[in-house]
Amino acid sequence: MYLMGLTGGIASGKSVVARRLGDLGAVVVDADQVAREVVEPGTPALAAIAAEFGDDVILADGSLDRAALGALIFSNPAKRAVLNGITHPAVYAASQKQFAAAGTADPAAVVVYDVPLLAEGTRADEFDLVVVVHASTDTRVQRMVELRGYSRDDALRRIGSQASDADRLAIADVVIDSDGTLEETMAQADKLWATVTASAESKHR
């Protein structure tokens with residue numbers, strides 16, 4: 001199995017690249033989806049969140065009130081760190097199970113871990129390749145305002161709450177520049193796939 005870590009800040013184009021690699025044949029493990037699954041009702045992580053943050057973050061049906069939790073942690077780094085201490089290990093363990101399952105199903109699989117917070121804590125050295133999808137702050141703010149309905153201030157706050165561009169680029173083996181057109185970004189993803197499949201084949205031999 002060949003394991004790629006794919007990361008990028010909010011509105012960087014990371015999800016576009018992940019979808020493209022999936023279309024080309026990669027097994028994509030979406031860390032955001034895993035993060036939703038590990039806090040479903042009845043999970044240890046949700047119980048730990050309720051114990052730490054109170055019943056106000058739990059909805060009547062027993063599920064997580066993401067809006068209430070988000071309001072608590074968004075501007076409070078200490079509370080965000082506590083939440084990350086609960087969720088990150090659970091996401092990591094669940095993701096590892098998916099990697100292992102993909103490798104068992106196809107020992108020559110190329111597995112792409114689509115993870116927004118790779119620079120914030122996931123161990124980059126566990127991957128055969130770390131790919132960072134990068135766009136300038138101006139481009140990302142424009143996308144968030146035009147495509148997602150954020151105000152400029154909200155967009156900048158969300159960008160500021162994540163790892164810096166410098167931190168992400170420092171762990172990159174490959175950088176995909178998504179400041180250009182969608183076609184240009186796709187072409188870089190296609191080129192990456194050709195390189196990675198060649199590497200994966202030599203690793204599997």
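All values reported here derive from a predicted model rather than from experimental measurement.
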Minimal heavy-atom distance between Y2 and S199, with the atoms involved, is CE1-CB, 3.8 Å

Please examine the side chains of V131 and I176, heavy atoms only from C-beta on, and report whether any two atoms are closer than 4.5 Å.
yes

Show your reasoning for whether side-chain contact (heavy atoms from CB on, under 4.5 Å) applies to V112 and V27.
CA-CA 6 Å; V112 174; V27 177; over 6 Å; no

Please check: side-chain N/O of E184 versus main-chain N/O of T181, any donor-acceptor pairing under 3.5 Å?
yes

Evaluate side chain to side chain donor-acceptor pair (under 3.5 Å) for Q33 paired with E37, printing each intermediate quantity in order.
CA-CA 6 Å; Q33 177 61 36; E37 292 168 359; 3.1 Å; yes

Value for NE2 (H134) from NZ (K14), rounded to nearest 0.5 Å, stands at 15.5 Å

Hey, are the side chains of R143 and S178 touching, using non-hydrogen atoms and a 4.5 Å cut-off?
yes

At their closest point, which heavy atom of I86 faces which heavy atom of P89, and how far apart are they?
O-CD, 3.7 Å

Under 4.5 Å between any side-chain heavy atoms of V29 and D114, yes or no?
no

Nearest 0.5 Å, what's the CG-OG1 distance between D190 and T195?
11.0 Å

About how many Å separate OG1 of T185 and CG of D177, when rounded to the nearest 0.5 Å?
7.5 Å

Is the shortest side-chain heavy-atom distance between M4 and L21 below 4.5 Å?
yes

Distance, nearest 0.5 Å, that separates CG of D128 from CG of L3:
6.0 Å

Correct closest heavy-atom pair for P116 and D32 would be CG-OD1, 3.5 Å

So do S164 and R168 actually touch side chain to side chain, heavy atoms under 4.5 Å?
no

Single-linkage hydrophobic cluster, 4.5 Å side-chain cutoff, V110 and L24 together
yes

What pairs of residues pass the salt bridge (charged side-chain N to carboxylate O under 4.0 Å, His left out) test when at least one of them lies in residues 41-70, not counting sequence neighbours?
none

In one Ile/Leu/Val/Met/Phe/Trp/Tyr side-chain cluster, 4.5 Å: W193, M186
no

Same cluster for V28 and V16 if Ile/Leu/Val/Met/Phe/Trp/Tyr side chains link at under 4.5 Å?
no

Looking at every heavy atom in both V39 and A45, which two are closest together, and how far apart are they?
CG1-CB, 4.1 Å

Would I171 and L118 satisfy side-chain contact (heavy atoms from CB on, under 4.5 Å), going step by step from the backbone distance to the final call?
CA-CA 9 Å; I171 62 169; L118 197 153; 3.1 Å; yes

Report yes or no: does S63 contribute a side-chain atom to a donor-acceptor pair with the main-chain N or O of L59 at less than 3.5 Å?
no

CZ/R152 to CG/L156 distance, rounded to the nearest 0.5 angstrom?
5.0 Å

Any side-chain heavy atom of I49 within less than 4.5 Å of one from T87?
yes

Is any side-chain heavy atom of E126 closer than 4.5 Å to a side-chain heavy atom of Q96?
yes

Test side chain to side chain contact (heavy atoms under 4.5 Å, CB included) applied to K79 - qualifying residues, sequence neighbours left out
F53, I73, N76

Assess whether side-chain contact (heavy atoms from CB on, under 4.5 Å) is satisfied between V133 and V175, documenting all intermediate values.
CA-CA 6 Å; V133 183; V175 177; over 6 Å; no

Determine, step by step, whether M1 and T104 satisfy the side-chain contact (heavy atoms from CB on, under 4.5 Å) criterion, reporting the C-alpha distance in whole Å, the side-chain angles of both residues, the deciding distance to 0.1 Å, and the verdict.
CA-CA 9 Å; M1 180 187 70; T104 300; over 6 Å; no

Hey, are the side chains of I10 and R148 touching, using non-hydrogen atoms and a 4.5 Å cut-off?
yes

Using 30° and 60° as the class boundaries, would you call the ring planes of Y113 and F127 parallel, tilted or perpendicular?
parallel

A102 versus V111, closest heavy-atom pair with distance
CB-CG2, 3.7 Å

List the steps and the verdict of salt bridge (charged side-chain N to carboxylate O under 4.0 Å, His left out) for D165 and R140.
CA-CA 12 Å; D165 288 343; R140 293 162 64 196; 3.3 Å; yes

Heavy atoms only: give me the nearest P41-L46 pair and the separation to one decimal.
CA-CD2, 3.6 Å

Between the CE atom in M144 and the CD1 atom in I159, the distance rounded to the nearest 0.5 Å is 5.0 Å

Just by modelled atom types, is the V132 backbone N or O under 3.5 Å from a matching donor or acceptor in the T7 side chain?
no

